[in-house]
Structure formats: C-alpha cells, structure tokens
Asks: 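Mind having a look at this structure? Questions to follow.
Excluded from the calculations below are hydrogen atoms, water molecules and symmetry mates; all remaining heavy atoms, backbone and side chain alike, are included. Note that the structure is predicted; figures quoted are calculated from it, not measured. All chains are named by letter (A, B, ...) in the order of the sequence lines, taking the proteins before the strands, and each is independently numbered beginning at 1.
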Amino acid sequence: MADVRLRFSPAPTGFLHIGSVRTALYNWLHARHVGGTFILRIEDTDIARSTQESIDQILHVLHWLGLEWDEGPVLQSHRFDAYLAAAQRLLDAGAAYECFCTEDEVRERNEQAMRDGRAPGYDGRCRNLTAEERAARAAAGRPRSIRFRTPDDGRSTFVDLIRGEVSVEWSTVSDFVIVRSNGTPVFFLANALDDVDMDITHVLRGEDLIDSTHRVLAIRRALGHADQPVYAHLPLILGPGGAKLSKRHGAVSVEEYRDAGYLAPALLNYLALLGWGPEDGREVLTLDELVSEFDVGTVNTSAATFDPKKLEWMNGEHIRAMRLADLVAEVLPFARTRYDGRLDVPRFETAVQLAQERATTLVQIADQMAFLFTDDDQLDIDPASWEKLTGVEQAPAILDNVIEFVERTEPWPVEVDVRPAIDALGLKTGKVMHVVYTAVEGRSSGLPLFPSIALLGRESALRRLRTARARL
RNA sequence: GCCCCCAUCGUCUAGUGGCCUAGGACGCCGCCCUUUCACGGCGGUAACGGGGAUUCGAAUUCCCCUGGGGGUGCCA
C-alpha cells in the first residue's frame, strides 16, 4: 500500500483558530496512527492578506503543541509558476477561459441578480468570447482573470469518509476564478495541484470547505488526474450558543490558552474529544494514547460546541497526572514573570507540589504561591477574604492563640498544625480556619495552611499574624 | 433566494430495530471526607425537535416539516 500522506494547510491571515488546531491535530493523529507522513503547507496565495508574522505564529504554535511535521513548510507563494502553468493547460484545453469583467462589475451584476430574485454567481458573460473579442478587450486594457468552466449539467459526487456520499448539481455552481487579474492563483487551483504534486492521500479539513471540494476535484480531473484523495470533512467547532466561535466567547487562539496556563496535551486532549472519542469511552488521554486510539472513520458528523469549563476540568486532570518535575518545569515560566528575582527554588517546588492537587491551570498554581514570595508587610490581602475574617467574632482571640502557639512550637515542624490553638476556644476549626489563611496567605483559600506556615518560617508567619491582629 | 451539511440531557457524547423506564463525562445541586479552597467518594437534576411511513416492535430505517450551521468571493 502506498504511503499515507496528509497535510495541514492553513492560510496565514491571522492567528491560528482553535478550530484549525483541531484540524491540524486530526491530520497529525491520523498520520502518526498509520505511520504516514504529516506535511505542513502554507496556503498563502492571497499575498495581500498573508503575513510572515502569521506564518511564524503557526510554526510556533504547532511546535508548542507538539504537532511536528515531517515535510514542509511548503509555501504556495513559492509555487506560483507551477499553478500558472497549470492554469495555462486548463486554458489550452478549454476547461478554463479568460474573463475580462472587473471585480466591481461582477459584484454589481450579482447584486442586481439578487434584487431580481435570480440566483447570484458569475453570469458567464466572458464564457464564450471569440479570439477577436478577447484581443479587443485585452487591447482596451481590461483586467484579465481566468475562470474555470464548470459543467452545465450533471452532478458532482464524492465519497466522504465521515459523511458518505456528498453531491451537488453542477448547474448550481457557477464559473469561478482560478487566477486573479493581478496574476496570482486562487486557492482552488493551488490546492488541487498541490494535492497532486505532494501525493496527498487523505484530506481532513473543516466542513466549511465541503462545497469547495467539488470545484477542487473538477480542476484536478481537468488537469488529467482521475484518482483522488480520500476526503473527510470534520464537523465545525461552534462557540457557546451555537454561533461561530469568536473572540466574543473568550479565547480562540492557542496563545491565549497557553498564557492562561493550559497544557498543550490537555488542550489537544479536549480538542480531540470535540467530534471524536475512543471506543472505550475514556476521556482523559495522553497524546500517545490519542495516537493509538484515533480513528478518523469514527469522527462525528455534527458540529460541536466548545465548552471552556470542560477544558478547564481536563487541564486539571492533566496537571494531576503529571510527574512533579515536569509540572515544576511548566509552572516555572509563570512564576518567573510574577516573582522575578524573589523565586526560591526549593520553596517553589514544594509549593508546586502542594498546588498540584488543587489547581486547574498553571496560572492558578503560580498565583496560589504568591504569599511565599512577597515581603511580610507587603502581603496583598484579598478584600473579600478580609471582610470574611472580620465577620468572625472571635477572630482576635483566634489570632492571639495562633500567634502564641506558633511562637512556642518546638521543634519547628514540617507542618505546623495550629488546630489546638483554635480548639482551645471551643470553636470548630473548619469554620474559622479561613481567618488564619487570610492572615498568612492573604486570602481565605489557597495552599494548605500547615505546610505553608512551615515553609514561610516562624518569623515571617508571626509577622503576618501580628499584622493582621493589629489591623483588627 | 439558491445549494450543501447536520439534528440524543445546558455542553461533549454512548446508542447502528427489541439489552433503553436512554448509559458516561463536564457543568449545576445536595451529602460525605476535610485545616480554607480544591481533590476524592456517594447521590440528584436533565435529552431522543415535530409529523407521517415501514415494522410485532423505532432514539436507531425512509419521507416531509422545523431548527441549526456552512457555502454562494478576483478569502481559504
């Protein structure tokens, strides 16, 4: 059997959308699952909108995610000659024709058609021009684009791996531009030729491209290629409410999730589950497990709604499953930007360990240890927590007792269990422990108190407790 | 408007004619555990869009409607 070859082919016209990442992931998973080749192709035929910055971003993001490619990146902008030569072949064969309508004219006629209740689409004005007519228009300086001549009747049908047979009536597909009047090739042409030239065997892409497949395949056939790749159109990812996933719904770019403290394997795990799941129904899977379980043939047909809450849960699961050393390495950059030169590595590692069981993002982990890397008199006290503290009638007594308890604790333990100091007041420790949390950590919820006090050291803990007591 | 695709709890999904008084996960609610918050454990809430047809029997097959999404670009 021939080598399986897949490509991820984004257009570098902005940040990498979360939906594109899922497409990249499925392509990568399938390639790895069958031992095929994963190719990165940059579809930058629209030179006006494509940017180098966007290309760099795509490469960085894929790298961060761990979706390494075996070939490429292949830039379509470097292959214009090949596309234009193909366009010429289509022209020579009569499969395409020169069109001298301007963009504005076409748009205007379309709008008129809509007003008249007729179907929009190119009206075929230049479809059957004689050589003399073409020469006259060219001589008159009219812009020249090249349009593909779609069949007048019959149906276009292809078999989709996920959806089965998909077809459309050719009469509803009007002639479309394959070379712009500025001489650059359009997606349909570049895509069709590249898939041939790169020996692509499987095309996994978003369902939004399902209609364009008929046109790409028509070009491919007109170019003399009777074979075709296996197509699988993936269900779209929608935002909350079923609308298109957009910035309005929060983060839509990978960088935003990375900066918010999400792990690449967790993000990929969640994205993989949007439209697919392993046979045994497990949900928390490593990248390796995804590779071995993935089967593009079992991908769902219906669009999925992105749920940030479930992603967050998933991230927590991955955090908890990590080896401490790996987690420490992941949190480190976040801690560095926050605590800069104050970071004390042994303390930091212990704090990560304490946070591992209770955090859902790396940012949470880094934030929870803030109290360890701040001066005692600079401790940032959360207003809501302080308010809760002042609501406890016996707060002064609690702090007094805890201060005394901490003062005489000998030897200094790994965990300073201050419960006896509160028990002595006849209070239920669980109900008022937040008072001590707030005094020591600056907020009523955070890392476990006893090891935190020990980590802070006696003098530092006492200063904080006394400061809080004095403020009451 | 026309074309294409889709349709099970709020969300992701299992379910491929009887095992379904529809299962799991996230979320939400309650209880337990507990030094806060979490984690964990237990329990609860909640769905087959509507109408026909086929069948002894339909979430599962077919048709219509409705709804949602996508396309209809000299974007991809």
Side-chain angles (χ1 to χ4, degrees), chain A residues 9-13 43-46 48-50 99 101-104 106-107 110 113-114 116-122 143 145-147 160 163 166-169 171-174 176-184 186-188 190-191 205-214 233 235-236 238 240-244 270 273-277 279 281-284 300-314 316 320 355-360 364 368 385 388 415 417-419 422 429-438 441 443-452:
Chain A
S9 44
T13 53
E43 304 215 327
D44 56 348
T45 54
D46 186 354
R49 294 193 211 185
S50 300
C99 174
C101 300
T102 68
E103 224 179 318
D104 288 345
V106 171
R107 183 172 5 91
N110 266 333
M114 297 274 264
D116 296 349
R118 289 177 289 120
Y122 185 65
S145 60
I146 300 176
R147 281 183 189 274
D160 186 281
R163 286 152 218 284
V166 177
S167 70
V168 67
E169 199 74 49
S171 61
T172 64
V173 184
S174 57
F176 55 94
V177 171
I178 55 175
V179 176
R180 299 182 185 89
S181 51
N182 68 5
T184 62
V186 172
F187 160 76
F188 302 103
N191 193 275
R205 34 147 51 161
E207 196 197 341
D208 52 333
L209 293 169
I210 200 163
D211 289 311
S212 78
T213 299
H214 299 284
H233 286 91
L236 262 23
L238 274 25
K244 196 171 173 186
Y270 177 69
L273 258 33
L274 245 31
W276 172 84
E279 233 165 73
R282 277 186 306 151
E283 298 204 289
V284 182
N300 287 146
T301 48
S302 54
T305 300
F306 186 84
D307 180 5
K309 282 271 185 45
K310 186 152 185 174
L311 168 61
E312 191 175 333
W313 164 80
M314 179 75 74
R320 259 159 254 127
Q356 181 168 23
E357 292 305 313
R358 64 198 66 248
T360 55
Q364 270 183 24
Q368 285 188 346
S385 299
K388 196 175 165 197
E415 293 202 5
D417 184 346
V418 301
R419 277 175 294 187
I422 293 171
T429 53
K431 299 288 184 198
V432 296
M433 197 56 85
H434 65 87
V435 168
V436 190
Y437 270 87
T438 301
E441 300 189 27
R443 48 205 232 186
S444 60
S445 69
L447 296 184
L449 184 63
F450 307 160
S452 294

Asks: Checking A/T305 now: which residues fulfil side-chain hydrogen bond (donor to acceptor under 3.5 Å, both in side chains) with it, not counting sequence neighbours?
Replies: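 Partners of A/T305 by the side-chain hydrogen bond (donor to acceptor under 3.5 Å, both in side chains) criterion come out as none, since no residue qualifies.
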Asks: Pick base, sugar-phosphate or nothing for A/C99, based on heavy-atom distances below 4.0 Å to the nucleic acid.
Replies: nothing
Asks: May I have the distance from A/N110 (atom CG) to B/rC2 (atom C1'), rounded to whole angstrom?
Replies: 12 Å
Asks: Between C1' on B/rG69 and NE2 on A/H233, what's the gap in Å once rounded to a whole number?
Replies: 15 Å
Asks: Rounded to whole Å, how long is the line connecting atom CZ of A/F187 with atom P of B/rC74?
Replies: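 The distance from CZ of A/F187 to P of B/rC74 comes to 14 Å, rounded to the nearest Å.
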Asks: May I ask you to say what A/E43 touches in the nucleic acid, namely base, sugar-phosphate or nothing, with a heavy-atom cut-off under 4.0 Å?
Replies: sugar-phosphate
Asks: Residues two or more places apart in sequence or in another chain: which of them pass ring-ring contact (aromatic ring centres under 6.0 Å, His included) with A/F176?
Replies: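 Checked A/F176 against ring-ring contact (aromatic ring centres under 6.0 Å, His included); matches are A/F148, A/F188.
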Asks: Given that A/V179 and A/V168 both sit by RNA chain B, which one's nearest nucleotide is further toward the 5' end?
Replies: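 Checking each residue's closest nucleotide, the 5'-ward one belongs to A/V168.
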Asks: Classify the nucleic acid contact of A/S167 as base, sugar-phosphate or nothing, counting any heavy atom under 4.0 Å across all strands shown.
Replies: sugar-phosphate
Asks: For A/S181, report the nucleic acid contact type (base, sugar-phosphate, nothing); a contact means any heavy atom under 4.0 Å.
Replies: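 Base, at least one base atom sits under 4.0 Å.
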Asks: Name the nucleic acid region contacted by A/T45, choosing base, sugar-phosphate or nothing; use a 4.0 angstrom heavy-atom cut-off, strictly under.
Replies: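 It contacts sugar-phosphate atoms only.
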Asks: Quick test of your reading of the model: are A/R180 and A/E103 salt-bridged, counting only N-O distances below 4.0 Å?
Replies: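 Salt bridge between A/R180 and A/E103, a charged N being under 4.0 Å from a carboxylate O: no.
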Asks: Return no unless some side-chain N or O of A/T172 is found under 4.0 Å from OP1 or OP2 of B/rU72.
Replies: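 The answer is no; no side-chain N or O of A/T172 sits under 4.0 Å from OP1 or OP2.
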Asks: Need one value for A/L209: base, sugar-phosphate or nothing, where a base atom within 4.0 Å counts as base even if backbone is also close, heavy atoms only.
Replies: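 The answer is base, as A/L209 lies within the cut-off (heavy atoms under 4.0 Å) of a base atom.
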Asks: Looking across every strand, which nucleic acid part, if any, lies under 4.0 Å from A/R49 by heavy atom: base, sugar-phosphate, or nothing?
Replies: base
Asks: Quick one: A/L236 CG to B/rG71 P, roughly how many Å, whole number?
Replies: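 Those two atoms, CG and P, are 8 Å apart.
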Asks: Could you pull out all residues at least two apart from A/Y437 that satisfy ring-ring contact (aromatic ring centres under 6.0 Å, His included)?
Replies: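 Result, ring-ring contact (aromatic ring centres under 6.0 Å, His included) vs A/Y437: none returned.
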Asks: Can you find an N or O donor on one side and an acceptor on the other, under 3.5 Å apart, linking the side chain of A/D211 with the base of B/rG70?
Replies: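 Pair found.
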Asks: Kindly give the atom pairs (protein nitrogen or oxygen, nucleotide nitrogen or oxygen) under 3.5 Å for nucleotides 13-16 of chain B.
Replies:
residue, atom, partner, partner atom, Å
B/rU13, OP1, A/G275, N, 2.7
B/rU13, OP1, A/N300, OD1, 3.4
B/rU13, O5', A/N300, OD1, 3.4

Asks: Starting at the 5' end of nucleotides 26-34 of chain B, put B wherever the base has a protein heavy atom under 4.0 Å, S where only the sugar-phosphate does, and a dash everywhere else.
Replies: B--------
Asks: Tell me what A/F176 touches on the nucleic acid: a base, only sugar-phosphate, or nothing, going by heavy atoms under 4.0 Å.
Replies: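 Contact class for A/F176: none.
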Asks: Counting the atoms with a prime plus P, OP1 and OP2 as sugar-phosphate, which does A/E415 contact under 4.0 Å by heavy atoms, base, sugar-phosphate, or nothing?
Replies: base
Asks: Grab the CG-P distance between A/N191 and B/rC75 for me, whole Å please.
Replies: 15 Å
Asks: Measure CZ/A/F188 against P/B/rG71 and give the value in whole Å, please.
Replies: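 My rounded result for the distance is 11 Å.
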Asks: Tabulate protein N/O versus nucleotide N/O from nucleotides 36-38 of chain B, keeping only pairs under 3.5 Å, one per line.
Replies:
residue, atom, partner, partner atom, Å
B/rU36, O2', A/S444, O, 2.6
B/rU36, N1, A/Y437, OH, 3.2
B/rU36, O2, A/S444, O, 3.2
B/rU36, O2, A/G446, N, 2.8
B/rU36, N3, A/Y437, OH, 3.1
B/rU36, N3, A/G446, O, 2.9
B/rU36, O4, A/R358, NH1, 3.3
B/rU36, O4, A/Y437, OH, 3.3
B/rU36, O4, A/P448, N, 3.4
B/rC37, O2, A/R358, NH1, 3.4
B/rC37, N3, A/R358, NH1, 2.4
B/rC37, N4, A/R358, NH1, 3.2
B/rA38, O2', A/R358, O, 2.9

Asks: Which whole number of Å gives the distance between the P atom of B/rA46 and that of B/rU11?
Replies: 15 Å
